[in-house]
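This one's a predicted model, so the numbers in the text were calculated from it and none came from an experiment. Worth knowing before you read on, the calculation uses all heavy atoms, side chains too, and leaves out hydrogens, waters and symmetry mates.
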Amino acid sequence: MKNKVFKRLAALVCSAMLLGTTACGSTTADTAADTASSEVVASTEATEESTSGSSEEETASTENASRVNEDGTITIVDQLGKTIELDGVPERVVTTIMPFPYIFYAVVGNNDNLVGCNPSSIVAYNDSALKYMYPELADASTDFVDTSFVVNVEELIKLQPDVVFQWNYMDDEIKKMEDAGIKVIALQYGSIEDLETWIQIIATMMGKEERGQELIQYFHESVDEVDAALADLSEEDYSNVLILSDDMKVTGTGFSSYWLEHSGAVNPAGDLSGEALNINMEQVYEWNPSIIYIGNFTDLQPSDLLENKLEGEDWSVVDAVQNGQVYKIPIGGYRWDPPGVETPLMIKWLAKIQHPEAFEDMDMYEEVREFYETVYDFELTDEMLDEILGDTQN
């Protein structure tokens, strides 16, 4: 299925490049696994804590409140409803938030202004297409923050940041940075509306407001394309899918509800609150999913289930395993699990798996290739495409 949205927007966005996570140094496989696990827990906590502390009125008020003033200064209203005044476009940007650099890159077209990020970004960076698209990001500093978003202010000051981005629920961390005279913008995790707000804040801050609107428009038109293809299906036609965030841990409510809704699937754990919920095999047998997705924040692989490698667990009798329908969620510029600029690709990938007849004419390799050429102005090789899509069942 050809993406007509890409064709219409090519003239607008073909010169811009997207994405970005960064870090420097190296990590062992064990460290990577520990870091990835901490990211899942952190994302869950961010969703629950930030959502409980916000209101519809606050969310709405931040959507268009940021602005560029006549004197060149920039006013940002963050997702705590706090106003931050910048002297102009910041030259030195720092973030503690894992997926932020790739979204920043999507809006700005580069990460030249990004001088520091969370060390956990190295886990995604080493596996992502970003390492080909923007290898310079490996030079960003990661010494100022740990994987739980706790900041070393002394190290942060050495980076001379014009502004720092932090999760909105990290009250103590925000305070200690502000007490040191550092300007902090708080962001909230969890929904498409939050993602749009991130894009709007970044676009206003970096003088890329038109680009920000183009990205938001592209996002929704791409998702609408899948919605239209599924419009004649009923919930009875939907697949019963399970999302494993780790071994014996499943995803219930969270951002996955968005991409399952728009790709035509039902999650039997969808009424449970959280993204890393402990379960047992008896519960799996009761749900008996027809498709299983394994998150990209864990070392768990489809082969662990398909070949029944996990001690004390018998997956062989589960429909998804018997039918070979176990998949690893891909990583492109960043992991496809959380909200991001590649969420439309995630939805298409899911829809192709769940409804192969409805998407018979859609080639995911061509979809990803065209996306990167049009949006990132980057031509993926066949080998790069295989890295993104070819090992999702290994």
Side-chain angles (χ1 to χ4, degrees), residues 1-21 59-60 62-64 66 79 97 99-109 128-130 133 187-206 208-231 254-264 329-352 359 362 364 366-378 388:
M1 176 173 58
K2 281 292 182 181
N3 190 331
K4 296 179 181 178
V5 177
F6 279 129
K7 301 294 186 183
R8 293 201 304 271
L9 292 179
L12 291 174
V13 301
C14 66
S15 63
M17 298 174 66
L18 297 188
L19 296 169
T21 44
T59 301
T62 64
E63 287 181 355
N64 298 302
S66 300
Q79 290 185 284
I97 297 170
F100 177 90
Y102 120 104
I103 298 170
F104 182 86
Y105 189 43
V107 179
V108 181
S128 74
L130 183 61
M133 297 170 61
L187 298 182
Q188 176 172 293
Y189 171 87
S191 71
I192 289 302
E193 291 73 24
D194 291 326
L195 174 64
E196 288 184 20
T197 300
W198 288 29
I199 291 172
Q200 290 168 339
I201 286 175
I202 295 168
T204 301
M205 182 181 76
M206 301 304 295
K208 300 284 186 177
E209 291 169 292
E210 183 176 348
R211 170 63 175 164
Q213 290 305 314
E214 290 169 2
L215 284 174
I216 292 170
Q217 178 186 359
Y218 157 72
F219 187 106
H220 288 290
E221 291 188 4
S222 297
V223 174
D224 288 346
E225 180 185 353
V226 179
D227 288 343
L230 296 174
F255 183 65
S256 60
S257 300
Y258 177 86
W259 37 256
L260 291 181
E261 174 190 351
H262 288 281
S263 64
I329 293 175
I331 178 170
Y334 188 73
R335 299 179 178 95
W336 285 4
D337 314 50
V341 293
E342 290 188 12
T343 292
L345 288 177
M346 171 65 162
I347 290 172
K348 290 183 177 184
W349 178 74
L350 293 166
K352 175 75 173 181
F359 294 90
M362 185 175 73
M364 276 307 301
E366 289 305 312
E367 291 290 331
V368 175
R369 189 192 303 275
E370 188 173 10
F371 181 100
Y372 275 68
E373 289 177 355
T374 303
V375 181
Y376 303 149
D377 194 24
F378 185 83
I388 296 173

- Message: How long is the straight-line distance from CD of E221 back to CG of D227, given to the nearest 0.5 Å?
- Response: 12.5 Å

- Item | Non-hydrogen atoms of P99 and Y334 that approach each other most closely | CB-CE2, 3.7 Å

- Task: Report yes if the side chains of P338 and Y189 come closer than 4.5 Å at any heavy-atom pair, otherwise no.
- Result: yes

- Task: For the pair F100 and I202, evaluate side-chain contact (heavy atoms from CB on, under 4.5 Å) and give the outcome as yes or no after the intermediate values.
- Result: CA-CA 10 Å; F100 177 90; I202 295 168; 3.6 Å; yes

- Query: Any idea how F255 and W259 line up, ring-wise: parallel (<30°), tilted (30 to 60°), or perpendicular (>60°)?
  - Reply: perpendicular

- Item | Nearest heavy-atom neighbours spanning S128 and G332 | CB-O, 3.1 Å

- Query: Can you tell me how far the CD1 atom of I199 sits from the CZ atom of R211, to the nearest 0.5 Å?
  - Reply: 9.0 Å

- Heavy atoms only: give me the nearest G190-P339 pair and the separation to one decimal. C-CG, 4.3 Å

- Message: Over 60° means perpendicular and under 30° means parallel, so tell me whether F219 and Y258 are parallel, tilted or perpendicular.
- Response: tilted

- Query: Going from CZ on R335 to CE on M346, what distance comes out if it is rounded to the nearest 0.5 angstrom?
  - Reply: 13.0 Å

- Atom pair CD (E196) and CG (L215), whose distance is rounded to the nearest 0.5 Å: 11.0 Å

- Task: Measure the spacing between CD of E225 and CG of L230 and express it to the nearest 0.5 Å.
- Result: 11.0 Å

- Item | Side chain proximity check, E193 to Q188, heavy atoms < 4.5 angstrom | no

- Closest heavy-atom contact between E367 and K348? OE1-NZ, 2.9 Å

- Message: Can you give me the closest heavy-atom contact between S66 and I201, atom names plus distance?
- Response: OG-CG1, 4.1 Å

- Message: Taking the side chain as everything from C-beta on, heavy atoms only, tell me whether H262 gets closer than 4.5 Å to L350.
- Response: no

- Between OG on residue S222 and CD on residue E342, distance to nearest 0.5 Å: 11.5 Å

- Item | Within 6.0 angstrom of K352 NZ, more than 12 heavy atoms from elsewhere | yes

- V226 and F359, any side-chain heavy atoms less than 4.5 Å apart: yes

- Note on the structure: In short, W336 meets V368 closest at the heavy-atom pair CH2-CG2, 4.3 Å

- Query: Can D194 and T197 be counted as having a side-chain donor-acceptor contact under 3.5 angstrom?
  - Reply: no

- Do the side-chain N and O atoms of Q217 and Q213 include a donor-acceptor pair separated by under 3.5 angstrom? no

- Message: Counting C-beta onward and ignoring hydrogens, is there a side-chain heavy-atom pair between I388 and L345 closer than 4.5 Å?
- Response: no

